[in-house]
Amino acid sequence: MSRYTPAEIETKWQTAWDEAETFRATRSDDKPKYYVLEMFPYPSGRIHMGHVRNYTMGDVIARYRIATGHNVLHPMGWDAFGMPAENAAMERGGHPKDWTYGNIADMRAQMKPLGLSIDWSREFATCDPEYYGQQQALFLDFLEKGLVYRKNATVNWDPVDMTVLANEQVIDGKGWRSGAPVERRELTQWFFKISEYSEELLEAIDRLDNWPDKVKLMQRNWIGKSRGLQFDWALTEPSHGHETIVVYTTRPDTLLGASFLGISPDHPLAKALEADNPDLAAFNAECRRTGTSEEELERAEKKGFDTGLKVRHPLDPTWELPVWVANFILMDYGTGAIFGCPAHDQRDLDFCRKYDLPVIDTFLAIDDPTPVEAEAFVPPKTEKVKWINHFTGIDMATGQDAIDATITQAERDGWGTGVTKYRLRDWGLSRQRYWGCPIPVVHCEACGVAPEKKENLPVRLPEDVSFDQPGNPLDRHPTWRDVPCPACGAPAKRETDTMDTFVDSSWYFARFTAPDAETPTRMEDAAYWMNVDQYIGGIEHAILHLLYSRFFARAMHICGHLPESAIEPFDALFTQGMVTHEIYVTRDEKDRPVYHLPGDIEWHESGARLGATGEAVEVIPSAKMSKSKKNVVDPSDIIERYGADTARWFVLSDSPPERDVEWTAAGADAAYKHLARVHRLATEELVDPSAENPGEDEELYRAMHRTIHDVTMGVESFGFNAAIAKLYAFTSTIARSNAGGHAKREALRTLAQLMAPMTPHLSEEVWSLLGGEGLVVDAPWPVADEAFLVDDTVTLPIQINGKRRDEIEVPKDLDKAEVEKRALATEAVQKALAGGQPRKVIVVPGRIVNVVV
RNA sequence: GCCCGCGUGGUGGAAUGGUAGACACAGGGGACUUAAAAUCCCCAGGCGCAAGCCGUGCCGGUUCGAGUCCGGCCGCGGGUACCA
């Protein structure tokens, strides 16, 4: 009997697949196509177990689809531009390009041993000039169609390093390297007009039937459609050319509770007032010192400044309200001005109390209005409340009816307009960084923005750059930057901003359909392979990446690069959880935490200890694997120790795929043992292949077809862990079975087939040991025979008042009345009834009987 | 702050509104073995001698019946537009 030797087996079968070009995808009309894609990795240096999990899931789907007769496209590439490469260049020298391509080579070498069914001939990295050149072509097409424009926007500015910082690089309002307080600075930047597609992107969500509901809900909320009232508040005295302040509100029904008008520090009026009010200028400057992220703005302490200006209430000209500048009002949303209603908004109430502004008593109420104290009254949206209607007195209405009625009245009387707004903002794509796709335009004094000519693409990144000083090296590279204008030939300057890396990942899925095309896509290939039938990736991409990709597919269609059928590029989406691990920590002499790799830990009766010193180690509950916490397991170590099949089996078996999975050494051991057992069964069963044992054979076939059915359902519905539980059970059934050799061999071959998407190498080995024809990867997926799936009798639990008390075995098709009769005859029911009659009997055929006494 | 999830034995988890804990790990017992490893078999939510009672983060609701649906909390995680 030969032992299970994954290293040998895995190399052998990977070679076989390579030689047969099993995973090379070519267009063909004799089979339905199936495009399965996992979100491509950022080449950080090493693959981690999260990658293994992501790509294994995709591989299960891909191999299952091959087996069910599909022409499968399963490509892989690299999301290769981005900040970490520049940071690496700054920290340890070298060039971002070398760092990135070196990482790609390392990670590819780590991925290949996993035995993924990938068509490596289509591989590319987004930092390949062939790829980003086509992206530049897309940009020029978008520019021509009016989908891109320039406007001013604020960025985080580090005044010491003289550089723009990402939100992630701002820590407690300070630059991560310089430690200097960050300022907001306005720059002219490029934007995609995604907001023009707000309604379209919102409405199309309804047709994404195979996306998770949570993702669709997040996208709906992100787009944030609202219906509200837009109307003017007249200033009592015009100020700096402003006669009114325009306000947008989604709660016009609370207009009679207004206490103050608030404007953003970035509102044009607020800026104009700075000129003759140094205190206000100081206040606005203070507000601008916080970062640009919404989280930071919303969590900042609410502050205000009285401008001294007054406005008249639109419904009562004698009613004057003060105008304040407030730091919580965003210029990006609505009109950058609000009215505050303290009675019905907690934030406004807090603001009024803080600055001693008048608080008008509550006027929306379920019963009788009560004066507002510390808490604002926010009525439930669906509940009718008393509502003071400024035209008809007191009405009863739900919040929405009151809002709609107010808008109708405002429009009728001409003092306001119903307006639909979206929270979604245009997508700023300019980055003041080197390691990204250059924006292919030139700035010319005479011509303004001059698009680069397509025949000059790609606009390549210069390679002779250094990262020994902060800022964008493109800005200080004269031979690259100073070029003649493509339109008039006069001396001009190249745009030195590069594109947001989200641009790179917004169309790579389309490029995979024809990675060698001399235009961004080749239409016949795009038409054949698109859409992605199954897209798999992390939930962290639920909004930005997926929304940007949906926009890009539409824009590419407008420019003739995708067919209309591909404007929703991902037919089905699955979001998987993370791989986590316990964290091991000791303390240094200053009580600072020192983290340790799982491989350095030994387990003793007294708990975890450092292998080297025996020092006791504190074990912190599982968290996402991260380098800083050292709770990482290197997939290469796992593959070397157990083989790829074990790693694959484990990441699929131990948790439902949408949830986090904790990597445990014990779990990996168990997975290995199971695979070794299957291998052992296959080698044992080589003896006496023809023996039969009729009764036992039927039992085994029954289990086999039940397993085929369950595993098929499991794979189709991403129930991998449940499918694997069935495979464990089936393996035990085979091991214990007294069936004849023929039946056992067939059962084992079927087991190999059912396991093949998860453990492809072992399955090939078992398949070939047991005389399977050809490669298991080419064998058609087994089909469950319905005749073996149904049992003649069924066991029904008997509940009394909802608690299980007994059970009866009855023929499968026994009619309800007879089931009820037999249930009532049971000892438990007779005892409970004590001679009386049941109040009610519920019979759910085939499931349960509940007797209410 | 706001939006979206998640919470079940010692552990990972299973369960179309219908027998809570499948399958697996760790644990206990046994078989085989000179012994160990490997393998195989059995036990196992908690309390209780038992009958039985309790039990899916907490509180409440809908239902004949709730882990599952609804409302309110608590805790943890993801996103929050320049991390990818």
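Lettering of chains follows the sequences in order, A, B, ..., and the numbering in each one begins at 1. These values consider heavy atoms only, across backbone and side chains, with no hydrogens, waters or symmetry-generated copies.
Counting to the nearest Å, the C1' atom of A81(B) and the CG atom of Leu165(A) are 17 Å from each other. As a whole-Å value, the separation of Gln576(A) CD from C6(B) C1' is 16 Å. One interatomic measurement links the two molecules: CG of Leu546(A) to P of G78(B), which rounds to 18 Å at whole-angstrom precision. For the pair Asp669(A) CG and U11(B) P, the interatomic distance rounds to 20 Å; values are reported in whole Å. One interatomic measurement links the two molecules: NZ of Lys216(A) to C1' of G5(B), which rounds to 16 Å at whole-angstrom precision. Atom CZ in Arg431(A) sits about 8 Å away from atom P in C83(B), given to the nearest Å. Between the CD atom of Glu296(A) and the P atom of G79(B) there is a distance of 17 Å, given to the nearest Å. Computed from coordinates, the Arg184(A) CZ to C82(B) C1' distance equals 15 Å when rounded to whole Å.
Other residues, nucleotides and ligands place no more than 12 heavy atoms under 6.0 Å from the NZ atom of Lys174(A).
The nucleotide A15(B) finds no pairing partner, because no Watson-Crick or G-U wobble arrangement with both distances shorter than 3.5 Å includes it. Searching all strands for a Watson-Crick or G-U wobble partner of G60(B) with both distances below 3.5 Å returns C70(B). Remark: C76(B) base-pairs with G5(B). Criterion, Watson-Crick or G-U wobble with two distances under 3.5 Å. When Watson-Crick and G-U wobble pairs are counted only if both distances are under 3.5 Å, C53(B) pairs with G46(B). When both distances must be under 3.5 Å, the Watson-Crick or G-U wobble mate of G21(B) does not exist. If you check A81(B) for Watson-Crick or wobble pairing at under 3.5 angstrom, you find it has no partner at all. Look at U33(B): it lacks any Watson-Crick or wobble partner with both distances under 3.5 angstrom.
Comparing the P positions of A24(B) and G78(B) gives a spacing of 33 Å, expressed to the nearest Å. Look at the P atom in both A26(B) and A37(B): the space between them is 13 Å, to the nearest Å.
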*asked:* Applying ring-ring contact (aromatic ring centres under 6.0 Å, His included) to Phe509(A) and Tyr535(A), what does each step give before you reach the verdict?
replied: CA-CA 10 Å; Phe509(A) 47 86; Tyr535(A) 196 32; 7.1 Å; no
ask   = Can Arg53(A) and Arg648(A) be said to form a side-chain contact (heavy atoms from CB on, under 4.5 Å), step by step?
value = CA-CA 7 Å; Arg53(A) 193 181 193 203; Arg648(A) 296 170 56 118; over 6 Å; no
### Task
Begin with the C-alpha distance, continue with both residues' side-chain angles, and end with the deciding distance and a verdict on side-chain contact (heavy atoms from CB on, under 4.5 Å) for Lys831(A) and Arg805(A).
CA-CA 11 Å; Lys831(A) 197 174 145 199; Arg805(A) 284 290 182 266; over 6 Å; no
* Residue pair Trp507(A), Gln135(A): steps toward the side-chain contact (heavy atoms from CB on, under 4.5 Å) verdict -> CA-CA 9 Å; Trp507(A) 72 286; Gln135(A) 187 162 302; 2.8 Å; yes
| side-chain contact (heavy atoms from CB on, under 4.5 Å) between Leu187(A) and Gln189(A), intermediate numbers included | CA-CA 6 Å; Leu187(A) 295 179; Gln189(A) 310 206 58; 4.0 Å; yes
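Aromatic rings from Trp427(A) and Tyr548(A) are positioned such that their centres are separated by under 6.0 Å. Checked against a 6.0 Å centroid threshold, the rings of Phe730(A) and Tyr728(A) do not count as neighbours.
The one candidate from Trp435(A), Phe502(A), Tyr434(A) that meets the ring pair (Phe, Tyr, Trp, His ring centres under 6.0 Å) condition with Phe81(A) is Trp435(A).
Contacts between residues 838-845 of chain A and RNA chain B, defined by a heavy-atom separation under 4.0 Å, are made by Lys840(A), Ile842(A), Val844(A).
The glycosidic torsion of G9(B) lies within 90° of 0, which places this base in the syn conformation.
Taking every heavy atom of both residues into account, Pro838(A) and Leu833(A) meet most closely at N-CD2, 3.5 Å.
Residue Ser293(A) has no polar side-chain atom (N or O) positioned under 4.0 Å from OP1 or OP2 of U80(B). Between Lys803(A) and C54(B) there is a side-chain N or O to OP1 or OP2 distance below 4.0 Å.
Comparing atom distances between the Lys673(A) side chain and each of A84(B), C41(B), U39(B) picks out U39(B) as nearest. With distances taken from any side-chain atom of Arg736(A) to the nucleotides G65(B), C41(B), C82(B), the minimum falls on C41(B). For Arg425(A), whose side chain is taken as the heavy atoms from C-beta onward, the closest listed nucleotide among C41(B), A84(B), A81(B) is A81(B). Closest to the Arg659(A) side chain, of the nucleotides A14(B), A81(B), C41(B), is A14(B).
Cation-pi geometry between Arg184(A) and Trp157(A) is not satisfied (NZ or CZ under 6.0 Å from the ring centre, within 45° of the ring normal). In this structure, Lys151(A) satisfies the cation-pi test against Phe191(A), with its NZ or CZ atom closer than 6.0 Å to the six-membered ring centre and inside 45 degrees of the ring normal.
Residue-level contact check: Gln432(A) touches the bases, meaning some heavy atom is under 4.0 Å from a base atom. When heavy atoms are screened at a 4.0 angstrom cut-off, Ser430(A) is found touching base atoms of the nucleic acid. At a threshold of 4.0 angstrom between heavy atoms, the contacts of Leu424(A) include nucleobase atoms, whether or not backbone atoms are also involved. Here His541(A) lies in heavy-atom contact (under 4.0 Å) with a base. Counting non-hydrogen atoms under 4.0 angstrom, Val851(A) reaches nothing in the nucleic acid. Residue Val155(A) is in base contact, counting any heavy-atom pair closer than 4.0 Å across all strands shown. Among the atoms of the strands shown, none is found under 4.0 Å from any heavy atom of Gly667(A). Within 4.0 Å of Phe328(A), counting heavy atoms only, lies no atom of the nucleic acid at all. When heavy atoms are screened at a 4.0 angstrom cut-off, Pro41(A) is found touching no nucleic acid atom at all. Within 4.0 Å (heavy atoms only), Arg423(A) reaches at least one base atom of the nucleic acid.
Under 3.5 Å, the side chain of Gln189(A) and the base of C82(B) form at least one donor-acceptor pair of N or O atoms.
Ring orientation note: the planes of Phe551(A) and Phe192(A) are tilted relative to one another, at an angle of 30° to 60°. Aromatic ring pairs are classed by plane angle as parallel below 30°, tilted from 30° to 60° and perpendicular above 60°; the pair His541(A) and His545(A) is perpendicular.
A salt bridge links Arg423(A) with Glu294(A); the closest basic N to acidic carboxylate O contact falls under 4.0 Å.
For the pair Ala166(A) and Asp213(A), both in contact range of RNA chain B, the more 5′-proximal nearest nucleotide belongs to Asp213(A). Checking Asn156(A) against Asn850(A), the closest nucleotide of RNA chain B that is more toward the 5' end is the one next to Asn850(A).
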The contact string for nucleotides 19-24 of chain B, one letter per nucleotide 5' to 3', using protein heavy atoms under 4.0 Å with B, S and - for base, sugar-phosphate only and none, comes out as B--BSS
Pairs under 3.5 angstrom, nitrogen or oxygen only, protein versus nucleotides 1-3 of chain B, please.
unit_1	atom_1	unit_2	atom_2	d
G1(B)	N7	Arg299(A)	NH1	2.7
G1(B)	N2	Glu294(A)	OE2	2.9
C3(B)	O3'	Asn221(A)	ND2	2.8
C3(B)	O2'	Asn221(A)	ND2	2.9

